[in-house]
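Reading through the structure tokens given below for one structure.
A note on names: the letters A, B, ... follow the listed sequences, proteins ahead of strands, and every chain is numbered from 1. As the structure is a computational prediction, the values presented were derived from the model and not from experiment.
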Number of protein chains: 2
Amino acid sequence: MSAIADVARLAGVAKATASRALSGRGYVSTETRAKVIAAARQIGYVASPNAASLVTGRTQSVGVIIPYISRWFFGEVLESLELALLEHGYDMTLYNLPPASPERDRVFEFFLARKRFDGIISVCVALSEQEVDQLHRLRRPLVGIGGPIRGVPTIEIDDVAAARLATEHLLSLGHRDIVHVGGSQADEMDFQVHSNRLRGFEAAMTAAGLSASGCFYASEFTMPGGYARGLALLGDPRRRPTAIFAASDEIAFGLILAARELGIRVPTELSVIGIDGHPHSEMFRLTTLAQHPRTQGQLAVRTLLDGLASGSSVGVSAVLPTSLVIRSSTSAPRVLRALKAE
Amino acid sequence: MSAIADVARLAGVAKATASRALSGRGYVSTETRAKVIAAARQIGYVASPNAASLVTGRTQSVGVIIPYISRWFFGEVLESLELALLEHGYDMTLYNLPPASPERDRVFEFFLARKRFDGIISVCVALSEQEVDQLHRLRRPLVGIGGPIRGVPTIEIDDVAAARLATEHLLSLGHRDIVHVGGSQADEMDFQVHSNRLRGFEAAMTAAGLSASGCFYASEFTMPGGYARGLALLGDPRRRPTAIFAASDEIAFGLILAARELGIRVPTELSVIGIDGHPHSEMFRLTTLAQHPRTQGQLAVRTLLDGLASGSSVGVSAVLPTSLVIRSSTSAPRVLRALKAE
DNA sequence: GGATATCATGGAACCGATTCCATGCCTGGC
DNA sequence: GCCAGGCATGGAATCGGTTCCATGATATCC
């Protein structure tokens, strides 16, 4: 329970000098600094961040708002955020805010409005203009991950482009009968991830001269979701597509398992492509459009801390690239290969 | 940026009265309270928790130390912790501390020692006596999840018993040739989860008059880990067991997939049982010993807040029950069924 | 009706740092 | 030798609350 006054007394200096010696700001002679540091160590002094933030206004802590914790993308982002923040000496305070959470207003009014953070990172939680204004008024920089927020720098991937690329990969293999299994708009998160991926799919299909209508099937954004959808979709051999573009790798895993269960060979009879770059995709030999959540997290932290240093400048948004990782869940459709063989 | 002094001035009372009116402590007349509350609302006053904690010593915030974020068990625990803490008006500050992390000392010296928390919850991170003492000296209550810490209340399941129950389930079906696939002691987390589950397995085998030696195979604690181990283990038909006890559901999923890939029918030719109660276990029709991480999280929060209220009393540890959920990944071994059929 | 308990309020101290300002010393330049 | 300026230090104010203590006004009880 030692305070800086104790350190000062022990070192035989004034509080002010002790503070300067320990923080490194202002003039202190080398020997005095050494004395103070020795005294601090001797009594195990640790500065009280509360007292410090009271006067400086900085808390050395960042708030993170996130809708899920245990889903892959979010877990990865979270881990990278925590690591990057820790490196820069910041604490991370976590608010789990599922879509349509009844806690949402509580969190905003009760927690975020208190001046506990130097900044906030919002992962796939859209903030209303009012909420953004509120934070700006507190002069707290704000960075988004996963979707655009008006007037706020955001780190994201281009979901439309990623979906288009994935679909184009299937098209380039010769598939014409392609289905998209993705999240429904109903349980969409704040950002338009689901509908953006659908739009990218439709764009690619239309550009290839194909109709996309009736080619979308909704699913939970999970492996069991994809599995259930797969069983229903692939059960009828006559209506079976030759390829599926899944909006996430986990959906794709479920689809592959459903196909196996129905005796449909992947990729011979059915090609499947996902989006994510999930670590399990290697095991499932899934072709996927990898995004890089850890990079997104690191960049978000850097952007936030830059904004913090430069005094709430606006900061710059970034659209991070995705990369097509081709494995063996995709190939030319059987008909085509039969033709080629002739 | 309004302070309580502004509220007091506007309401025409002293700071002390305004503070009492807003916090609800001490005597304030009904009308004065109404005036103060109205004034506070009018200028959008939000109390500074820093200033408050400076004098009360309470921060209304809890630190959580956890080795993983995205693994199922940990994600579940985390979500339940956050929810329960939020309900009681506490913030949750997260420290991700993988086993053998180089950040560990930094986290302890630099972050935890600062008086930023009213208490700490350690999820599967064992604390050294020194670390525990340090926290006790700061009079900060401490609760563990997932394993015993000397002198600290802990919420856990009985890993030995759970493993024994799982193995006994296989034995009771008539299996004699049983293998355990679990985590290696090398990459064990702080608590003895891996070796405890192995011990439970050995205990059950020995009690049934069987030898357990040579029946353990190490695997990463993930689905790909189980998959890789499954391919290697089940490849040779002559050395194939009739049943596998997997130390986690995710390992079990991998094993099941490997079996399917090798054309081994589950459960006809191979029974598989796991531990966890993972949400995907239903999809894999996996028989499992379900533990309940959310309950563990809730109980940990309750224990911590009790300790907080009663002033660092010791609190009581709890061993939570597991439940056997029987699905169709386990059945009597084929030989036995053939005999019965005669 | 006077002593006592209860309620209501204000003034001031305090939590533990940072930082502004004043003071004094020493050095160097002219 | 004197003055300017850089360096080193201490005193005191400050951040924004909570709480102790004193004071006064009512209500209660014998």
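Looking at heavy-atom distances under 4.0 Å, S19(A) makes contact with a base. Within 4.0 Å (heavy atoms only), S48(B) reaches sugar-phosphate atoms of the nucleic acid but no base atom. At a threshold of 4.0 angstrom between heavy atoms, the contacts of R20(A) include nucleobase atoms, whether or not backbone atoms are also involved.
A donor and an acceptor atom, one from each side chain of T59(A) and S53(A), are nowhere located under 3.5 Å apart. N96(A) and Y68(A) share no side-chain donor-acceptor pair at under 3.5 Å.
Rounded to a whole Å, the CZ atom of R25(A) is 17 Å from the C1' atom of dA8(D). Y27(A) places its OH atom 19 Å from the P atom of dT23(C), with the value rounded to the nearest Å. Rounded to whole Å, atom P of dG16(D) lies 12 Å from atom CD1 of I43(B). As a whole-Å value, the separation of E31(B) CD from dA8(C) P is 9 Å. Between the NZ atom of K35(B) and the P atom of dA8(C) there is a distance of 13 Å, rounded to whole Å. A straight line from CG of N50(A) to C1' of dC15(D) spans 12 Å, rounded to a whole angstrom. Here dT14(D) presents its P atom at 23 Å from CZ of R58(A), a figure rounded to the nearest Å. With rounding to whole Å, L22(A) atom CG is found 15 Å from dT19(C) atom C1'.
Listed pair T56(B) / dT18(D) fails the phosphate criterion, with no side-chain N or O lying under 4.0 Å from OP1 or OP2. In this structure, Y45(B) reaches the dG17(D) phosphate: one of its side-chain N or O atoms is under 4.0 Å from OP1 or OP2. Neither OP1 nor OP2 of dA8(C) sits under 4.0 Å from any side-chain N or O of T17(B).
Listed nucleotides: dT9(C), dC15(C), dA17(C). Nearest to the side chain of V55(B): dC15(C). For A3(A), counting side-chain heavy atoms from C-beta on, the closest listed nucleotide (dA12(C), dG16(C), dG11(D)) is dG16(C). Comparing dA8(C), dG11(D), dT18(D) by their nearest atom to the side chain of S23(B) picks out dT18(D). If you check dT9(D), dG10(D), dT18(C) against the side chain of A52(A), the one that comes closest is dT18(C).
Remark: the backbone N or O of F117(A) is paired with a side-chain donor or acceptor of R140(A) at under 3.5 angstrom. A distance-only check finds a donor-acceptor pair linking the side chain of S23(B) to the backbone of S19(B) [under 3.5 Å]. In this structure, S310(B) contributes its side chain and D306(B) its backbone to a donor-acceptor pair below 3.5 Å.
Under the 30°/60° scheme for interplanar angles, the aromatic rings of F221(A) and H194(A) are found to lie parallel.
For a distance-only test at 3.5 Å, the side chain of K15(B) fails to qualify as a donor-acceptor partner of the base of dG10(C).
Both A47(A) and T32(B) lie near DNA chain C, and the one whose nearest nucleotide falls closer to the 5' end is T32(B). Nearer the 5' end of DNA chain D, as judged by each residue's closest nucleotide, is the contact made by A51(B), out of A16(B) and A51(B). Projected onto DNA chain D by closest heavy-atom contact, T30(A) and A5(B) fall at different nucleotides, the more 5' of which corresponds to T30(A).
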